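Only heavy atoms go into these numbers, but all of them, side chains included; no hydrogens, no water, no symmetry mates. Please read these numbers as outputs of a predicted model, since none were measured by experiment. All chains are named by letter (A, B, ...) in the order of the sequence lines, taking the proteins before the strands, and each is independently numbered beginning at 1.
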Protein chains: 2
Amino acid sequence: MTSIKDLARLAGVSPSTISRAVNGKKYVKPEIRERILELVRETGYVPNSAARSMVLKRTFTVGIVIPDTFNMFQRQLFSTVERSLEGFGYHTSFFFVVWEPESELRCLRRIKAEKLDGIIMIHEVARPEFYDFLAKSQLPAVLCTFTRAGGFFHSVHVDEEAAARTATEHLVSLGHRRIGLLSGTHFSFGAQRAEGYRSGLAASGIEAREADAVLLPSYTPEEGRSGMRALLERDLGLTAVFAATDELAIGAVRALYEAGLKVPRDVSVIGFDDIDISAYLSPGLTTVRQPIREMGKRTAEIMSRLIEGHREPGDSVFGHELVIRESTKGPPKGN
Amino acid sequence: MTSIKDLARLAGVSPSTISRAVNGKKYVKPEIRERILELVRETGYVPNSAARSMVLKRTFTVGIVIPDTFNMFQRQLFSTVERSLEGFGYHTSFFFVVWEPESELRCLRRIKAEKLDGIIMIHEVARPEFYDFLAKSQLPAVLCTFTRAGGFFHSVHVDEEAAARTATEHLVSLGHRRIGLLSGTHFSFGAQRAEGYRSGLAASGIEAREADAVLLPSYTPEEGRSGMRALLERDLGLTAVFAATDELAIGAVRALYEAGLKVPRDVSVIGFDDIDISAYLSPGLTTVRQPIREMGKRTAEIMSRLIEGHREPGDSVFGHELVIRESTKGPPKGN
DNA sequence: GTCTTTGCTGCAAACGTTTTCATATCAGAA
DNA sequence: TTCTGATATGAAAACGTTTGCAGCAAAGAC
């Protein structure tokens, strides 16, 4: 409500002086500064950020693009990113996008309209326009949890394939030979984790059978459940399953439970991401952890430095960690 | 990059005409409009929203205040609210606030600075300044999932106490007599659900023992786990537990699992909210469902009507629904 | 023929800031 | 005394839009 002009009138000075006082600049007589600050407190005046960004040509806001269906891993990630960005003096504007071209374009329009200082993608959008715009506009951009060929973008991620291989090798090391896969068709990590599964098997001299793998259209518990059901119906003699996300794993455990099978006694299940409930499930879910906090902090740090005009190395690859809980053990006797 | 003036120069017309063409107003010669729209497509021009909001005095954006620690229930809620709001032509700006005075004040500052059209609170902030500001500024506001005395605010919520009573009575109807409570000290729903538990017991002539209840500082699985442990250590002979949120319930189930007790064979557990994994847990969690989608849609609808200047009824109270899954059954024989 | 209506266009003001520039005051130095 | 430099202040321009107003041409009414 109150504008800088109102305040100027109240204080009997010009808007310029108000601006200087509010922004803590030099050249304001101490007693006048005090009076102005008092007035600011009384009226609850806060500078209009639209007007401010028009003249400053920056918004101190970075956009975060994230899937509307974000899982708990991504949720923890963006929470950390936001907190860190705040530490660097930036606000955050969230764009939740659904898996539809229209939604992505709408998001792109908003990004253009809002004149953000930078943009962090935690969602691997499908439309090439998106990346083209980022590249052409020179807008500082960081891809978080994925990369894109061409080496143009900065990105922060783990070696998905290696991490999936670790998961698979864990199952193999427990003695499993018939291992199923639940992964997805969307996003590059789906294919990468599937590839890690295959190379993990191959390294142990186990043949990867076509029928052992199911590729789902999304990574929800519901899909995990129906994928696991499909696997069970095929009667493959599986003693373990690698699910490409913890959510898929939860659904898989559910399907096994419904089929009267016990985890890990009858079938072992391993997930991926280590989302926060995984530790609280019964049995606790064995999974591969991505270093969420470190990745989030790094993302914010790179963004802040990019905005300040520094050059940064293009890729930050983080290590993963196997978290062994109770959902995996050796195969049942007789297998 | 491209501004309306650049476009005007390119098209050989004045900025006014560009504005009219872009906004689909009358009084632009068809062939000129066509040429302008073509230019817009080529250049990727999108009007600067800061400049736009300055002259229009509205942002077409509503703010959603939500706890940084939002649970899956709140997450589904804000997703629905956002989607519905979009249908009414509004964008959404998210404010994740943590349980600290400083964070709430920072959020308030941003809200003032951004000149939003309205504000939806999915988080019951502690600072009275917040509500004072909303009341004084006449900013359209809807409280979602809670109310505030005074009748000033519009709010959308369920009868928390009645819903908690339903949960408790379900346990009683299964034959339980020794029923524990896990609830929290934060937010009014913590006390309301606890009250519903007590009145549910009282209605069945069961004495509510002080020792049967644990009040936690937050509603996470971790707290649920430690709360359930505390209950177990007291050795009260409980055969069932009512947890005030599904997250608490998940933690409680975990604690029981760690203690070697089976749910529901040894102890029944009922939650509250029906968050989306609850159906996929093993055993599936019995809980009380709030009609998330309907509440979210209603919230958006009220907001949109408030912004348009209509009067609306102050309170929308929704009914709840008992969802019986596998985590509750009769008490073990001999109890 | 004139008068009115309608369609189209541009000028200029306004929104709320920040900052450059010019000007004024004052203290201290010569 | 005059000059220098630091401190303090305001006027005005700029950022990118939208829109009321004025002006003009073309079309239609009489």
Side-chain angles (χ1 to χ4, degrees), chain A residues 1-37 39-40 43-61 89 91 109-117 137, chain B residues 1-37 39-40 43-61 89 91 109-117 137:
Chain A
M1 291 285 118
T2 25
S3 80
I4 202 172
K5 288 182 192 167
D6 300 328
L7 227 52
R9 211 171 325 108
L10 284 174
V13 297
S14 76
S16 329
T17 305
I18 303 287
S19 174
R20 280 188 277 255
V22 169
N23 293 307
K25 300 247 166 132
K26 285 205 311 184
Y27 303 136
V28 179
K29 207 192 284 184
E31 65 235 48
I32 296 201
R33 156 166 282 136
E34 200 37 66
R35 184 148 50 92
I36 291 176
L37 261 31
L39 238 32
V40 166
T43 57
Y45 168 76
V46 175
N48 178 328
S49 59
R52 200 149 192 278
S53 77
M54 284 202 59
V55 30
L56 293 181
K57 287 168 175 345
R58 45 184 308 197
T59 52
F60 297 95
T61 300
H91 292 140
R109 268 186 68 86
R110 272 188 76 190
I111 288 179
K112 287 177 180 173
E114 292 188 14
K115 297 277 177 288
L116 303 163
D117 287 357
S137 68
Chain B
M1 290 288 118
T2 23
S3 79
I4 202 171
K5 287 182 191 167
D6 300 328
L7 227 51
R9 211 170 327 107
L10 285 174
V13 297
S14 75
S16 330
T17 305
I18 304 286
S19 173
R20 280 187 277 256
V22 170
N23 294 305
K25 301 245 168 133
K26 285 206 311 185
Y27 304 134
V28 179
K29 204 191 283 184
E31 66 236 47
I32 296 200
R33 154 166 282 134
E34 200 36 67
R35 184 149 48 95
I36 292 175
L37 261 29
L39 238 32
V40 166
T43 57
Y45 168 76
V46 174
N48 178 327
S49 59
R52 200 148 193 276
S53 77
M54 285 204 58
V55 28
L56 293 180
K57 286 166 175 344
R58 42 184 313 200
T59 51
F60 297 96
T61 300
H91 293 140
R109 268 187 69 87
R110 271 189 76 189
I111 288 178
K112 287 178 179 172
E114 292 189 13
K115 296 276 175 291
L116 304 163
D117 287 357
S137 67

Next item on the list: Assign a letter to each nucleotide of nucleotides 17-28 of chain D from its 5' end: B, base within under 4.0 Å of a protein heavy atom; S, sugar-phosphate only; -, no contact.
Entry: BBBB--------

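The interatomic distance linking A:Lys26 (NZ) with D:dA8 (C1') rounds to 12 Å, in whole Å. Atom P of nucleotide C:dT18 and atom CZ of A:Phe60 are separated by 11 Å, given to the nearest angstrom. Between A:Ile36 atom CD1 and C:dT17 atom P there is a gap of 14 Å when expressed in whole angstrom units. The separation between B:Arg35 atom CZ and C:dC8 atom P is 15 Å, rounded to whole Å. Between B:Asp6 atom CG and D:dC15 atom P there is a gap of 11 Å when expressed in whole angstrom units. Atom CE of A:Met54 and atom P of C:dT18 are 13 Å apart (whole Å). Taking atom CZ on B:Arg9 and atom P on C:dG10, their separation rounds to 14 Å, with Å as the unit. One interatomic measurement links the two molecules: NZ of B:Lys57 to P of D:dG16, which rounds to 19 Å at whole-angstrom precision.
A:Arg110 meets the salt bridge (charged side-chain N to carboxylate O under 4.0 Å, His left out) test with A:Glu114; sequence neighbours excluded. Scanning for salt bridge (charged side-chain N to carboxylate O under 4.0 Å, His left out) contacts around B:Arg109 gives an empty result, with sequence neighbours left out. For A:Arg58, the side chain to side chain contact (heavy atoms under 4.5 Å, CB included) test picks out A:Leu56, A:Phe60, A:Tyr90, A:Asp117, A:Ile307, with sequence neighbours left out. Applying the salt bridge (charged side-chain N to carboxylate O under 4.0 Å, His left out) criterion to A:Arg33, with sequence neighbours excluded, gives no partner residue. Every residue was checked against the side chain to side chain donor-acceptor pair (under 3.5 Å) condition with A:Arg35, not counting sequence neighbours, and none meets it. Qualifying side chain to side chain contact (heavy atoms under 4.5 Å, CB included) partners for A:Arg20, counting only residues two or more places apart in sequence or in other chains: A:Ser16, A:Thr17, A:Lys25, A:Val28. Under the rule for a side chain to side chain contact (heavy atoms under 4.5 Å, CB included), the partners of A:Thr61 that lie at least two apart in sequence or sit in another chain are A:Thr59, A:His91, A:Ser93, A:Leu116.
Looking at the side chain of A:Ile32, the nearest of the listed nucleotides D:dT9, D:dG16, D:dG10 is D:dT9.
Side-chain contact between B:Arg52 and B:Asn23: present, with at least one pair of heavy atoms (C-beta onward) separated by less than 4.5 Å.
Scanning both residues, B:Ala11 and B:Ile36, for their nearest heavy atoms gives CB-CG1, 4.3 Å.
Residue pairs meeting the salt bridge (Lys or Arg N to Asp or Glu O under 4.0 Å) criterion with at least one partner in residues 2-11 of chain B, sequence neighbours excluded, are B:Asp6-B:Arg9.
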For residues 43-51 of chain A, please give each side-chain donor-acceptor pair under 3.5 Å, one per line with the distance, not counting sequence neighbours.
unit_1, atom_1, unit_2, atom_2, d
A:Thr43, OG1, A:Leu39, O, 2.9
A:Thr43, OG1, A:Val40, O, 3.4
A:Thr43, OG1, A:Tyr45, N, 3.4
A:Asn48, OD1, A:Ala50, N, 2.8
A:Asn48, OD1, A:Ala51, N, 3.3
A:Ser49, OG, B:Ala113, O, 3.1

Atom pairs under 3.5 Å, N or O on each side, protein against nucleotides 25-27 of chain C: can you list them with distances?
none

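Within the helix from C:dG1-D:dC30 to C:dA30-D:dT1, the inter-axis angle between the opening and closing five-pair segments is 60°, rounded to 10°.
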